[in-house]
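So that the names make sense, note that chain A is the first sequence line, chain B the second, and so on, each numbered from 1.
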Amino acid sequence: MKIGGTPAQTNRQQENGSPPFAAKAAVTSAAEPVRTGDLPYRRLLEALGVAVYATDAAGRIVFFNDAAAELWGRRPELGKDEWCGSYRILHPDGTHMPHDQCPMAICLKENRAVRGMEAIAERPDGSHFWFMPFPTPIRDDAGRLVGAINVLIDVTDRKRAEVDAFRFAGIVESSDDAIVSKDVNGIIGSWNPAAERIFGYTADEVIGRSVRLIIPPDRQNEEDEVLRRIKIGERVDHFETLRRRKDGTDVPISLTVSPVKDETGCIIGASKIARDITVQKRAEEALHKSIAVKDEFLSLVSHELKTPIATILGNALVLLRRGDTLPAADKEQALRDVADEADKLQRIIENLLLLTRLDAGQELDTEPVRVPALVAQAIAGFQHRNVKRPISMLEEGGVPIALGQPAMLLLVIENMISNADKYSPSGAPIECVVRENSEGEIDVSVRDYGIGLDTAEAEELFTPFYRSPKARAKAKGMGLGLAVCKRLVEAQGGRIWACARPEGGCDFTFTLRRAEEDWE
Amino acid sequence: MGSAISVQPLRVLIIDDDQALLRMLRLSMLSEGLEVATASDGFTGLEALARDNFDAIVLDLQMPNMDGRTFYRQMLAQGRRTPVLILSAYGAEAARRELRADAALPKPFDPDVLVETIRRIAEPAASS
Ligand SMILES: [Mg+2]
């Protein structure tokens, strides 16, 4: 201990066996070495591994031990430094605490022991320590305050652990992943909010129960394996599996289980982190599905585009090489096939382009249209190419003028007729009906006596590249026609649907808005 | 060909569901002096096979009612070993390997190449 200053009366008194900090009057001049008479106590305090210091009644430091100096990172000037030997003091919230408001100052000013406070001290080198002070007044025999003694307990390590624990708890609470702790027997010890969200059980419902609660019956052996590995200190990393929610549904998760050890290195349990991978799983499935769709699309496109090209190319080559030796009728048929197949290709490409161009929800410019005339035009065109198929049109009553785009409407009607033709047995009729429905809109129906459809697939028929099992068995095609019809009709503000008739065959109907009366 | 310039023309069965393609195949083969019968699916193909003998078969894969693969397996199951040329827009060669068929041509194709291929696969059978 360093002793500074000049001898004073107080200290002389102390040497004479009187108690330290004897009289207020004497203390005011206590700028001399503290030379106490009770040396055994003094040595005891100096030797103590805990920071201890004392002040006189005015708060001037008159004693401190090495442990205190070490904690403060400085040696205060005896008889001059007041209240506390630390360089700077902060409240726990980090705000500045003036020395004359420190616990020791309160103790002296209010003449009472101060307990239960915590503060942070800053050393001259800028480092900090958390401490708990125990300032206690010292009174003389007459009960007058002569000074105070303070013990400073360094609680920095405990505080750091608390802050870490607090931060860690915050991370666990706010995690999107389920974080669960369990003991070596799989009994749940903690359960964070994400675990509640993912598995549907509250913490109260599961703590103290086995984690097997959320494992589907056919996967119970997974827990045996997890526990076996945990007991030998191994980790289970990113294991993809299924767990069962409280409502009985299964959730796909990615599981990481790590052993938890106590201070002595003994395995006392495990922490589990489970990530809900439903979204990832769905994305994977969608990807696989889209790859399958792409493969099927390539196969379809190849078949549907290359077959007409094979006919065109083959005929062209035969006509080119041996045209003059062929009978006139064969030559004419070959040329007709070239023209028809080129026309077929054009339609397919047109439909593909329309489908790509017309995003769902896009609107086409519309104008007043006489629908029966368009249907008649489509029928005439079809009849020209397919002489053998009976096809008729029925106009029910006076059909009002509709709103639509004539070229696109024609394409829709042609696609519907071509669809009906494709799935009808030879000789079966196709009937087109145009009428005003009860809403005052214009209905166009194409009725066939073909393969019919299952109610379940009535919606799917309009999905691009969808082909019903019946359709696949009956004829080739890309599943483009109806999808294009749907986009086109909706882009003109209409609706389209398919309906099977109990006696066989289908009705495909679309509806168009009616034009304003002025157009009549 | 070569020494085996047969008096009898090669008899070919074409099985394809596309009528226009059938007409083209028929025309190009007839103009090359082959004899041709046609069927529009595997089922009618088997019927034709039951009625007549053929030196070679030109077989499409994607067909309604009975597709090309099924036809091929049924034909083998009936103990027939007629040489088969697979004609397809998609995966003709893969199907040939899968079925161990005699030849494959992708659509579209040059009809002369088709006829040459038919002669090549039909010859051993014709000369035996
Ligand atoms: Mg085909």
Could you give the distance from CG (B/Leu30) to CZ (A/Arg322), rounded to the nearest 0.5 Å?
11.0 Å
Working to the nearest 0.5 Å, report the span between CG of B/Asp16 and OG1 of A/Thr307.
7.0 Å
Given a strict heavy-atom distance threshold of 4.5 Å, which part of B/Asp112 is in contact with chain A: side chain, backbone, both, or neither?
both
Which residues satisfy the side chain to side chain contact (heavy atoms under 4.5 Å, CB included) test with B/Phe43, sequence neighbours excluded?
B/Asp41, B/Glu47, B/Met66
Any chance you could measure A/Glu304, atom CD, to B/Asp18, atom CG, to the nearest 0.5 Å?
8.5 Å
Bottom line for A/Arg336: the part with an atom under 4.5 Å from chain B's heavy atoms is neither
Those residues of residues 75-82 of chain B that come under 4.5 Å of chain A on a heavy-atom basis, listed by number, are none
Could you give the distance from CD1 (A/Ile312) to CE (B/Met24), rounded to the nearest 0.5 Å?
10.5 Å
Separation of B/Leu25 CG from A/Asn315 CG (nearest 0.5 Å):
9.0 Å
Neighbourhood of chain A inside residues 84-95 of chain B, taking heavy atoms under 4.5 Å as contact:
B/Ala89, B/Tyr90
What I'd like to find out is whether the side chain of B/Lys107 reaches to under 4.5 Å of the side chain of A/Leu313, using heavy atoms alone.
no
Determine whether more than 12 heavy atoms belonging to other residues, nucleotides or ligands lie under 6.0 Å from atom CZ of A/Arg501.
yes
Go through the atoms of A/Ile309 and report whether side chain, backbone, both or neither lie under 4.5 Å from a heavy atom of chain B.
both
Using salt bridge (Lys or Arg N to Asp or Glu O under 4.0 Å), reason through B/Arg26 and A/Asp330 one step at a time and then give a plain yes or no.
CA-CA 10 Å; B/Arg26 183 189 175 91; A/Asp330 285 349; over 6 Å; no
For the student: nearest non-hydrogen atoms of A/Ala310 and B/Pro108, plus distance:
CA-CB, 3.5 Å
Is there any residue in residues 405-416 of chain A with a non-hydrogen atom under 4.5 Å from a non-hydrogen atom of chain B, and which ones are they?
none
As a quick check of understanding, evaluate side-chain contact (heavy atoms from CB on, under 4.5 Å) for A/Thr311 and B/Gln19, giving each step before the final call.
CA-CA 10 Å; A/Thr311 301; B/Gln19 296 306 309; over 6 Å; no
